[in-house]
Amino acid sequence: MARFCTQCGRPLADGEICQCQMTGNQQTGNQQTGNQQNQYYNNGPQTGGQPGRGPVNPNEGYTISTEDWIPLRKLIGIGESDNNDVEGCFERGKKIVPDLIAPCEQEIPIKQYQLCNARSRLRGLWQEGRIQVTNKRILFRLSGRSWIGRAMSHTEFTIDEVAGVALSNGVRFALWDFLLGFLVSMLACALGGLFSELPVFLAFILGIAAAVPFFIFKKKYYIKALFLAFSMSMVSLSSAKSIFEHPFLSKMGIFLTVIILVLYVIALFLFSLKPSLSINIMTKCASDKPISIWSRQSMVSVMEVLPGEDADVAIEELGSMITDIQKLGDFGIRKWKVD
């Protein structure tokens, strides 16, 4: 029977070894010999069963890779928000479960409320707050953006852990707004001082006309305060300059100045009254931190919590819904579930 080479397929006679196999065996032998020599060079001869130490490459085991480098801009904090994508950061039109958070086993979303808006003008922060009730959990999520990018916070508890809900929608006095409004209105006072150089009668007429918007505009208290500051400055300075030439106008101007000052303080005070929503969801476990958010003010940050479009509805329904789900089970779910 004819024999063939297993590598090149050439016919072979009996006992013949193909040239390609002889060449391959020779190369294999040379490679093994070279490996033994390299091993001897690196490790040295072995005596007494103990490996020796021969010449060793000093750079062996040390490699330089750009993957191990840390960019300097990250160390010093430059460009940290370059990759902070803010697209869709407000998560509008989405349900917390299942659109944003994976549902747990047999979890049924029941109802979600657009509860509040959190604002910090110092940090350029605006977040929209939503609260959702399911048959398993109650979830509160604030999502939005700040000066440097996306801003989000998320808190949740199992429905059985909730012990009570406290929601209030009221009014607070914002001291920072009052001080800021006062400082900016000083510019209107300075502008009114320039117009006080007009003739006395004309200055009085313009000053009184500038106070009229207080009785015309509905709300817009800050605009009212600016007009009143302009009017007060013009009338008071004109009265002071005409105290000898027109004593009657001067006394009339002082009287009008007092009235305008009172109206200015009222407008600035009303401007500083802001709506405020406070949210407190207590838990049965003392170790768990409850959901708690309200308008906080400090020297470095001002956090305002404004009521959302569903705030009043949530105040009316949230406590009853949680109680029904805890006590009535499936019947409570069917009662409150929104398709």
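Values reported hereafter were calculated over all heavy atoms of this structure, with side chains retained and with hydrogens, waters and symmetry mates removed.
Think of F90 as one node in a network of Ile, Leu, Val, Met, Phe, Trp and Tyr side chains linked at under 4.5 Å; its network also takes in W126, L306. Apart from I254 itself, the hydrophobic cluster it occupies contains nothing, where clustering links Ile, Leu, Val, Met, Phe, Trp and Tyr at side-chain heavy-atom distances under 4.5 Å.
For K111, the side chain to side chain contact (heavy atoms under 4.5 Å, CB included) test picks out Y113, E317, M321, V338, with sequence neighbours left out. Residues passing the side chain to side chain contact (heavy atoms under 4.5 Å, CB included) test with S153, sequence neighbours excluded: L142. With sequence neighbours left out, L202 forms a side chain to side chain contact (heavy atoms under 4.5 Å, CB included) with L198, P199, L206. In this view, E107 and R137 satisfy the salt bridge (Lys or Arg N to Asp or Glu O under 4.0 Å) rule, not counting sequence neighbours. Legend: residues meeting salt bridge (Lys or Arg N to Asp or Glu O under 4.0 Å) with K251, ordered by chain and number and at least two apart, are absent. Partners of D324 under the side chain to side chain contact (heavy atoms under 4.5 Å, CB included) rule, at least two apart in sequence or in another chain, are L328, K335, W336. Applying the salt bridge (Lys or Arg N to Asp or Glu O under 4.0 Å) criterion to R121, with sequence neighbours excluded, gives D177, E304.
Within the 4.5 Å cutoff, the side chain of I266 has no heavy atoms near those of the K224 side chain. Residues R130 and L139 fail the side-chain proximity criterion, which asks for heavy atoms closer than 4.5 Å. With a 4.5 Å cut-off on side-chain heavy atoms, C116 and F140 count as touching. I322 has its side chain within reach of V165: a pair of non-hydrogen atoms, C-beta onward, lies under 4.5 Å apart. Between P109 and Q132, the closest side-chain pair of non-hydrogen atoms falls below 4.5 Å. Counting only heavy atoms from C-beta outward, the side chains of I333 and I110 approach each other to under 4.5 Å. Side-chain atoms of I138 and I131, non-hydrogen and from C-beta on, do get closer than 4.5 Å to each other. Proximity of T134 to I159: side-chain heavy atoms (C-beta onward) are nowhere separated by under 4.5 Å.
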Inset, instruction - Evaluate the side-chain contact (heavy atoms from CB on, under 4.5 Å) criterion for residues Q127 and M303: first the C-alpha distance (whole Å), next the side-chain angles of each, then the deciding distance (0.1 Å), finally the verdict. - result: CA-CA 11 Å; Q127 292 177 297; M303 188 71 175; 4.1 Å; yes
Inset, instruction - Begin with the C-alpha distance, continue with both residues' side-chain angles, and end with the deciding distance and a verdict on side-chain contact (heavy atoms from CB on, under 4.5 Å) for L277 and L115. - result: CA-CA 9 Å; L277 181 74; L115 188 59; 4.2 Å; yes
Inset, instruction - Tell me, with the steps shown, if N135 and K337 meet side-chain contact (heavy atoms from CB on, under 4.5 Å). - result: CA-CA 10 Å; N135 64 325; K337 181 172 172 54; over 6 Å; no
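What you find for A311 and P307 is that their closest heavy atoms are CB-CB, 3.9 Å. Considering every non-hydrogen atom in both M234 and A203, the closest pair reads SD-O, 3.2 Å.
Once rounded to the nearest 0.5 Å, the distance linking CD1 of I108 with NZ of K136 reads 8.5 Å. Here the OG-NZ distance, from S276 to K274, works out to 12.0 Å after rounding to the nearest 0.5 Å. For the atom pair I315 CD1 and S168 OG, the distance stands at 7.0 Å (nearest 0.5 Å). Here L122 contributes atom CG and S146 contributes atom OG; the two are 11.5 Å apart, rounded to the nearest 0.5 Å. With rounding to the nearest 0.5 Å, the separation of OG in S272 from CG in L180 is 9.5 Å.
The closest donor-acceptor contact from the side chain of Q326 to the backbone of V162 lies under 3.5 Å. T323 places a side-chain N or O within 3.5 Å of a backbone atom of G319 that can act as its donor or acceptor partner. Using modelled atom types, no side-chain atom of S231 and backbone atom of A210 make a donor-acceptor pair closer than 3.5 Å.
Within the structure, every pair that satisfies the ring-ring contact (aromatic ring centres under 6.0 Å, His included) test and touches residues 205-238, not counting sequence neighbours, is listed here: F195-F230, Y222-F271.
L270 and F173 fall within the same hydrophobic cluster, where Ile, Leu, Val, Met, Phe, Trp and Tyr residues are linked whenever their side-chain heavy atoms come under 4.5 Å apart, directly or through other members. Note on L237: it does not cluster hydrophobically with I260, by side-chain heavy-atom contacts below 4.5 Å among ILVMFWY residues. In the hydrophobic cluster analysis, where Ile, Leu, Val, Met, Phe, Trp and Tyr join through side-chain heavy atoms closer than 4.5 angstrom, I279 is grouped apart from M152. With hydrophobic clusters built from ILVMFWY side chains whose heavy atoms lie under 4.5 angstrom apart, M232 shares a cluster with V262. Neither I208 nor I223 shares a network with the other; the hydrophobic side chains, linked directly or stepwise wherever heavy atoms of I, L, V, M, F, W or Y lie under 4.5 Å apart, form separate groups for each.
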Atom pairs and distances, side-chain donor-acceptor, residues 184-192, under 3.5 Å, sequence neighbours left out:
unit_1, atom_1, unit_2, atom_2, d
S185, OG, G181, O, 3.0
S185, OG, F182, O, 2.7
S185, OG, Y264, OH, 2.5

For a quick test of your reading: what N or O donor-acceptor pairs under 3.5 Å do the side chains of residues 91-100 make, sequence neighbours left out?
unit_1, atom_1, unit_2, atom_2, d
E91, OE1, R141, NE, 2.8
E91, OE1, S143, OG, 3.3
E91, OE2, R141, NE, 3.4
E91, OE2, R141, NH2, 3.1
R92, NE, E128, OE1, 3.2
R92, NE, E128, OE2, 3.0
R92, NH2, E128, OE2, 2.6
D99, OD2, K95, N, 2.8

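Surrounding NZ of K220 are at most 12 heavy atoms belonging to other residues, nucleotides or ligands under 6.0 Å away.
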